[in-house]
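Accompanying notes for the structure given below.
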Amino acid sequence: MLEAQFVPKEAESSIYEFWLKNELFKADPDSTAPTYTIVFPPPNVTGVLHMGHALTCTLEDILVRRKRMQGFNTLWLPGTDHAGIATQMVVERNLMKDEKKSRHDLGREKFLEKVWEWKERSQETIISQMKKMGGSFDWSRLAFTLDENVSLAVRECFFRLYQEGLIYRDQAIIQWCPRCHTALSDLEVKFKETPGKFWHIKYRLKGEPSKYLVVATTRPETLLGDTAVAIHPEDERFTEFHGKEVMVPLVGRAVPVILDSYVDMQFGTGALKITPGHDPNDYVVGKKHNLPIINLMDENAVLNKEAGLYQGLDRQKARAKILQDLDQQELLVKEEDHSHNVGHCDRCGTIVEPRVSAQWFVKAEELAKDAIRAVETKEIRIVPEEWEKTYFEWMRNIRPWCISRQLWWGHRIPVWYCNDCGETHVAIHAPTQCQKCKSKNLKQDEDVLDTWFSSGLWPISTLGWPADSTDLKAFYPTSVLETGFDILFFWVARMIMLGMKMTGKIPFHTVYLHPMVRDEHGQKMSKTKGNVVDPLEISDRLGTDALRFFLSWNAFHGRDMRVSDEGVENCKFFVNKIWNASRFVLMHFEDVKKSNVDLSNEVNQWIWSRLNHIKGEVNRSLEQYRFFEAAQAIYHFIWSEYCDWFIEFIKSKEELEARKAAKESTAVEVLEEVLRLLHPFMPFVTEKLWQEMPIRDQQKISVCIASYPQEDSKRVFPKAEERLALVIRLIEQVRTTRGLHQLSPATEISLSVSSLAGESLLKDLIPFKELIKKLAKLKEIEFIHQEHGKQTHLSIVMRDLKLFIPKADLGDLTKELERKRKELQEKTDALRRADEKLRNERFMNSAPQNVRDGVVKQKMELKREVEALQQYLDDLG
RNA sequence: GGGUGCUUAGCUCAGUUGGUUAGAGCGCCUCGCUUACACCGAGGAGGUCGCAGGUUCGACCCCUGCAGCACCCACCA
């Protein structure tokens with residue numbers, strides 16, 4: 001006998017322990033079974049898991065658990081990511097808070113020790129949270145992006161790409177974060193619409209100070225680094241400046257006026273100052289015209305000695321001072337409001353500064369070619385498919401990927417420079433001496449790699465690449481990559497590019513992109529808004545099963561999903577429903593014989609048939625990653641069919657006794673099977689209940705490895721489905737009609753039943769007479785069968801009314817009358833429309849047979865219904 | 001500026017090659033503490049499928065235009 005309630009908090013941890021103890025999640029590289037592999041997107045070791053991780057855990061676990069039950073050799077590989085810049089920031093912030101020290105106070109070594117300590121703690125938390133979510137991970141393969149073998153893979157990859165000329169070092173303008181003191185890739189810069197000003201500034205013609213060009217800029221402080229002013233060659237307003245030089249204000253430097261069609265004549269004043277050192281577009285123009293590059297700022301974006309008088313001021317202060325000075329010298333023509341997009345550091349929100357420096361780059365456009373083709377040929381499928389367009393759009397316009405970061409936490413770039421002769425050595429292992437001058441005085445590049453570089457190798461590095469390991473042979477290419485669409489470019493695209501380049505094979509055949517998690521109002525969750533819903537708190541309070549079911553139920557193919565407490569609570573009710581249904585079944589059928597199913601019984605036929613359809617639906621939906629559809633199908637089956645009808649059917653005293661006496665097992669067997677069907681969604685409660693099932697596969701120690709239900713054509717009984725559907729309709733009709741007829745001593749219900757042949761109708765229903773009587777709560781029931789030509793009418797006479805004479809008043813009655821009249825009107829109209837349709841020649845000629853038949857059938861039914869309604873209203877009125 | 005989606009019941013969303021009367025969950029209203037479950041049961045109300053045209057015997061679905069919303073990429077100084 002089960003306890004009255006399922007208490008998730010108490011049950012979950014011991015169930016998880018049971019799974020671990022029996023090593024149910026361990027993949028076997030030597031197995032001959034087909035493999036199914038998912039590599040878990042490694043969470044950053046920055047802190048705790050959020051709802052997005054919970055969603056990932058849930059959806060991937062559903063896929064993995066189902067495949068495992070289907071007999072696949074299943075590997076779900078867990079891991080965590082060092083997350084370079086993000087983690088370094090967190091640790092730096094804590095260091096400042098706790099010890100009032102910067103990382104420079106500690107030095108590189110000591111600081112990294114701190115980060116490792118942090119990583120250990122954070123990873124431990126994350127692992128316990130992944131377990132709490134019920135994730136069936138193979139913990140023996142737990143990986144971290146700074147593990148030795150992962151590092152080796154990173155160096156190997158770097159080396160190979162360098163050998164092929166796909167990695168190179170170059171002086172270029174990159175986005176620099178003055179707070180994080182590092183270069184960023186284009187993707188790590190987020191542009192935000194920011195209100196600003198447009199300042200119009202005079203640039204006097206050299207030698208003729210009365211003549212001048214007016215340049216408009218949003219960043220006057222950069223004029224200190226101007227090395228030209230550009231105008232459009234065809235701009236007639238400025239022809240007299242062609243070939244001349246103008247004076248940069250405040251600086252007193254003469255710079256050429258250059259002609260370039262890049263300039264938009266309509267925009268601003270038509271004259272553009274060129275600052276190659278601090279603007280990506282100007283940099284391009286500068287290169288083209290061989291202009292000098294002036295770097296005005298240091299790593300903190302504070303003006304350096306190039307800025308002359310303004311040295312030592314930061315960007316904002318310099319701007320204010322410069323504007324003031326310009327105004328004083330009457331060089332400031334006007335200022336106007338101008339809202340424009342300003343780049344911010346994705347991590348810390350600081351306004352980035354374009355800066356020229358030497359960095360390492362990957363020629364992504366080369367790698368992208370194969371990656372594009374893989375998706376074009378559908379070798380890699382992206383689900384939902386709409387994302388393919390976005391993927392192509394980005395991949396076809398991909399630009400060089402800046403991979404060096406001026407951080408301490410990460411993979412050190414595997415490049416060594418000779419301090420004596422300056423030679424560059426790119427190597428997998430640190431060289432002991434310079435190849436050119438044999439000096440032993442070598443120094444490794446100070447920078448580390450972009451964290452996404454190692455992430456891009458994740459599917460292969462965790463499986464042992466570059467070694468030709470057994471895991472790599474067995475589990476690569478992996479099956480599905482499931483993640484949020486926000487890291488499609490950061491991560492997924494790069495895994496495809498690097499994976500294909502390194503192994504010649506795609507890393508996974510399917511990419512499933514799940515929606516973004518929002519709060520109940522559709523707002524992004526954020527700490528500052530205070531609307532963050534913590535998955536662990538919810539799981540603690542309402543149960544992991546409820547949370548997981550909620551997440552899968554809401555994993556629509558849209559772009560976001562909303563999480564609400566209320567929603568999860570409703571799923572908790574569903575858990576409770578299953579629990580109680582099981583309680584009922586176990587209470588009565590604890591000692592049934594296995595496979596003792598009476599298939600001559602139509603109620604049994606019906607529930608088996610229904611279950612069978614659901615099995616098919618769930619499997620089909622999951623194959624298409626339609627988690628919501630699968631979840632809804634099971635929910636509907638359990639609640640609205642198994643509980644509301646099947647259990648209610650068998651609950652009547654006689655029925656129940658008969659079944660118990662015969663040890664009839666349908667009730668248990670259907671339940672046992674549906675528990676297996678549901679297990680991937682709700683692993684805990686289903687395990688607990690499955691263990692209680694008197695009939696189950698005793699060979700299997702856990703439902704985790706019991707077989708996953710598949711559609712079985714032998715368990716389809718269309719006749720029974722049809723008849724039971726009729727019975728259900730009948731009972732529903734009795735229930736609805738009954739309240740109305742309180743005033744007459746006996747009531748007749750007429751039911752249209754065109755779907756079954758008339759003659760057998762009565763015979764079909766007789767076995768259900770008692771059932772109907774009970775479920776419709778009638779004291780007396782009588783069937784009357786009437787033939788009207790080709791049509792069959794079934795009338796039910798109910799006697800006994802006092803039972804249901806409720807408190808309905810006359811107001812309800814008139815309302816009901818009103819409704820019935822409206823219904824009659826609608827039905828009559830529909831009948832007329834059907835009639836017209838059947839007289840429409842074109843319809844009869846071009847509509848398919850089944851549609852025409854449908855209309856005929858509909859017309860007949862409507863006709864009967866109209867007659868019945870007419871009769872009914874006449875009686876009443 | 002370029003791109004991608006979305007607009008269906010009070011809310012969140014399904015609706016798979018155009019085809020009988022457009023669905024679900026929640027919420028709401030009415031009734032019922034019936035021996036698995038009040039974390040329950042029975043019933044009910046609620047939709048001119050964003051707007052305007054077009055194609056078709058027939059359109060939530062296809063085409064055109066418009067409006068509103070969301071997101072991504074670029075960053076014209």
Side-chain angles (χ1 to χ4, degrees), chain A residues 2 4-5 186-187 189 191 198 215-219 222 230 262-264 266-269 271-275 279-282 285 338 340-343 384 386-387 389-390 392-394 397 485-486 488-489 516 520 522 553-554 556-562 564 566-567 569-588 624 626 628-629 631-632 635-636 639-640 643-644 647-648 651 731-732 735-736 738-739 775 777 804 806-808 812 819 826-827 830 834 837 840-848 850-859 861-862:
Chain A
L2 289 172
Q5 296 240 315
D186 296 337
L187 281 176
V189 178
F191 286 87
F198 221 4
V215 162
T217 181
T218 54
R219 300 197 55 200
T222 62
Y262 161 73
V263 179
D264 179 350
Q266 316 304 325
F267 194 84
T269 58
L272 168 62
K273 69 195 233 6
I274 300 295
T275 322
D279 183 282
N281 292 300
D282 292 8
V285 176
H338 177 72
H340 63 136
N341 280 326
V342 177
E386 298 83 68
W387 284 106
K389 291 177 194 159
T390 313
F392 290 138
E393 182 70 18
W394 190 72
N397 297 304
F485 60 77
D486 54 334
L488 178 60
F489 304 137
M516 290 293 110
E520 58 187 316
W553 180 287
N554 287 286
F556 302 109
H557 279 185
R559 303 211 164 196
D560 55 49
M561 69 183 282
R562 302 178 180 198
S564 68
E566 206 182 3
E569 201 176 14
N570 283 316
C571 292
K572 188 192 127 189
F573 295 162
F574 179 49
V575 175
N576 184 255
K577 186 75 182 176
I578 298 164
W579 183 262
N580 278 298
S582 305
R583 245 162 52 96
F584 173 83
V585 168
L586 290 173
M587 198 180 286
H588 297 290
Q624 296 171 55
R626 300 171 69 88
F628 61 96
E629 216 173 70
Q632 289 181 7
Y635 179 95
H636 182 260
W639 206 310
S640 308
C643 292
D644 287 351
I647 291 189
E648 293 302 324
K651 223 165 147 188
I731 294 167
E732 279 169 355
R735 281 170 178 163
T736 46
R738 158 184 106 187
L775 291 175
K777 293 186 190 169
F804 350 98
K807 301 126 200 172
D812 283 344
R819 225 175 55 211
E826 280 166 10
K827 292 264 155 89
K837 226 171 184 179
N840 183 327
E841 227 169 274
R842 282 202 263 184
F843 171 76
M844 294 309 282
N845 289 339
S846 30
N850 65 324
V851 175
R852 292 202 308 265
D853 288 354
V855 175
V856 174
K857 202 165 136 188
Q858 181 197 3
K859 189 191 156 185
E861 248 178 73
L862 279 168

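Predicted model only: the values in this text are computed from it and were never measured. Note on naming: letters A, B, ... go to the chains in the order of the sequence lines (proteins, then strands), and numbering restarts at 1 for each one.
- A donor-acceptor pair under 3.5 Å links the side-chain atoms of Asn580(A) to the main chain of Asn576(A), judged by distance alone.
- Looking at heavy-atom distances under 4.0 Å, Trp553(A) makes contact with sugar-phosphate atoms alone, never a base.
- For Thr390(A), whose side chain is taken as the heavy atoms from C-beta onward, the closest listed nucleotide among C73(B), U4(B), C39(B) is U4(B).
- Side-chain N/O atoms of Glu648(A) and base N/O atoms of A36(B) include a donor-acceptor pair closer than 3.5 Å.
- Side-chain N/O atoms of Tyr635(A) include none lying less than 4.0 angstrom from OP1 or OP2 on A14(B).
- Atom C1' of C33(B) sits at a distance of 7 Å from the matching atom of A38(B), rounded to the whole Å.
- Look at His340(A) and you won't find any side-chain N or O under 4.0 angstrom from OP1 or OP2 of C75(B).
- Residue-level contact check: Glu520(A) touches neither bases nor backbone, having no heavy atom under 4.0 Å from any strand.
- Here U4(B) presents its P atom at 12 Å from CD of Glu386(A), a figure rounded to the nearest Å.
- A centroid separation of 6.0 Å or more is found between the aromatic rings of Phe628(A) and Trp553(A).
- Nearer the 5' end of RNA chain B, as judged by each residue's closest nucleotide, is the contact made by Val585(A), out of Val585(A) and Phe267(A).
- At the heavy-atom level, Lys273(A) lies nowhere under 4.0 Å from the strands shown.
- Between Trp394(A) and U4(B) there is no side-chain polar atom (N or O) within less than 4.0 angstrom of OP1 or OP2.
- Between Asp644(A) atom CG and U34(B) atom C1' there is a gap of 14 Å when expressed in whole angstrom units.
- Computed from coordinates, the Phe574(A) CZ to C40(B) C1' distance equals 15 Å when rounded to whole Å.
- Backbone-only contact: Asn570(A) has heavy atoms under 4.0 Å from sugar-phosphate atoms and none from a base.
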Item to complete: Using the side-chain contact (heavy atoms from CB on, under 4.5 Å) rule, take Met516(A) and Met561(A) through it: C-alpha gap first, then chi angles, then the decisive distance, then the call.
Response: CA-CA 6 Å; Met516(A) 290 293 110; Met561(A) 69 183 282; over 6 Å; no

Item to complete: Whenever both distances are under 3.5 Å in a Watson-Crick or G-U wobble pair, mark it; put RNA chain B into dot-bracket that way, with [ ] for crossing pairs and | when the partner is on another strand.
Response: (((((((..((((.....[...)))).(((((.......))))).....(((((..]....))))))))))))....

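- The nucleotide whose nearest atom lies closest to any side-chain atom of Asn341(A) is, among A77(B), C75(B), G41(B), C75(B).
- Comparing A74(B), A77(B), G41(B) against the side chain of Asp186(A) picks out A74(B) as the nearest.
- Close to G15(B), at under 4.0 Å from its OP1 or OP2, lies a side-chain N or O of Arg626(A).
- Within 4.0 Å (heavy atoms only), Pro280(A) reaches no atom of the nucleic acid at all.
- Checked against A36(B), C71(B), C73(B), the side chain of Ala581(A) finds its nearest nucleotide in A36(B).
- The Leu187(A) side chain lies nearest to C73(B) when the options are C73(B), C57(B), A77(B).
- With rounding to whole Å, Phe573(A) atom CZ is found 7 Å from C39(B) atom P.
- Side-chain atoms of Glu629(A) lie closest to U16(B) of the nucleotides U16(B), A74(B), G19(B).
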Worksheet entry | Criterion side-chain contact (heavy atoms from CB on, under 4.5 Å) on Phe267(A) and Leu272(A), from CA distance to verdict | CA-CA 9 Å; Phe267(A) 194 84; Leu272(A) 168 62; over 6 Å; no

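- Taking atom C1' on both C63(B) and G27(B), the two are 38 Å apart, rounded to the nearest angstrom.
- Checked options Asp279(A), Val215(A), Asp282(A); the residue passing with Ile274(A) is Asp282(A) (criterion: side-chain contact (heavy atoms from CB on, under 4.5 Å)).
- Between Lys651(A) and Glu648(A) there is a salt bridge, since at least one side-chain N of the basic residue sits less than 4.0 Å from a carboxylate O of the acidic one.
- For a distance-only test at 3.5 Å, the side chain of Glu841(A) fails to qualify as a donor-acceptor partner of the base of C57(B).
- Nearest-nucleotide positions on RNA chain B for Asp282(A) and Val189(A) put Val189(A) closer to the 5' end.
- Across all strands, Asp486(A) comes closer than 4.0 Å to no nucleic acid atom at all (heavy-atom distances).
- Within 4.0 Å (heavy atoms only), His636(A) reaches no atom of the nucleic acid at all.
- To the nearest 0.5 Å, the span separating CG on Leu2(A) from CE on Met587(A) amounts to 8.5 Å.
- Phosphate contact (OP1/OP2 of A36(B), side-chain N/O of Arg583(A), threshold under 4.0 Å): absent.
- For G65(B) and C57(B), the C1' atoms lie 26 Å apart once the distance is rounded to whole Å.
- Whole-Å rounding puts the Met561(A) CE to C6(B) C1' distance at 18 Å.
- Classification of the Phe574(A)-Tyr635(A) ring pair by plane angle, with boundaries at 30° and 60°, yields tilted.
- Using a 4.0 Å heavy-atom criterion, one finds that Glu566(A) contacts the sugar-phosphate atoms exclusively.
- Here Ile647(A) lies in heavy-atom contact (under 4.0 Å) with a base.
- Proximity of Lys389(A) to the phosphate of G3(B): no side-chain N or O atom is located under 4.0 Å from OP1 or OP2.
- One atom, CD1 of Ile578(A), and another, P of C40(B), lie 12 Å apart when rounded to the nearest Å.
- Using a 4.0 Å heavy-atom distance criterion, Thr217(A) is classed as a sugar-phosphate-only contact.
- Nearest nucleotide to the side chain of Arg562(A), out of C13(B), G3(B), C37(B): C13(B).
- Side-chain to base pairing of Lys577(A) with C37(B): one donor and one acceptor N or O lie within less than 3.5 Å of each other.
- With C39(B), A36(B), C57(B) as the candidates, the nucleotide lying closest to the side chain of Gln5(A) is C39(B).
- Summarising the geometry, the separation between CG on Asp560(A) and C1' on C11(B) is reported as 14 Å, rounded to the nearest angstrom.
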Item to complete: Kindly determine whether Phe485(A) and Thr390(A) satisfy side-chain contact (heavy atoms from CB on, under 4.5 Å), including the steps that lead there.
Response: CA-CA 10 Å; Phe485(A) 60 77; Thr390(A) 313; over 6 Å; no

Discussion item. Could you go through Thr275(A) and Arg219(A), starting from their C-alpha distance and side-chain angles, then the distance that decides it, and tell me whether this counts as side-chain contact (heavy atoms from CB on, under 4.5 Å)?
Written reply: CA-CA 10 Å; Thr275(A) 322; Arg219(A) 300 197 55 200; over 6 Å; no

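- Atom CH2 in Trp387(A) sits roughly 12 Å away from atom C1' in C6(B) (whole-Å rounding).
- Nearest nucleotide to the Phe628(A) side chain, out of C57(B), A14(B), U4(B): A14(B).
- Look at the P atom in both A22(B) and C39(B): the space between them is 35 Å, to the nearest Å.
- The side-chain heavy atoms of Trp387(A) and Leu488(A), taken from C-beta on, include a pair separated by under 4.5 Å.
- Checked against A77(B), C57(B), C40(B), the side chain of Asn840(A) finds its nearest nucleotide in C57(B).
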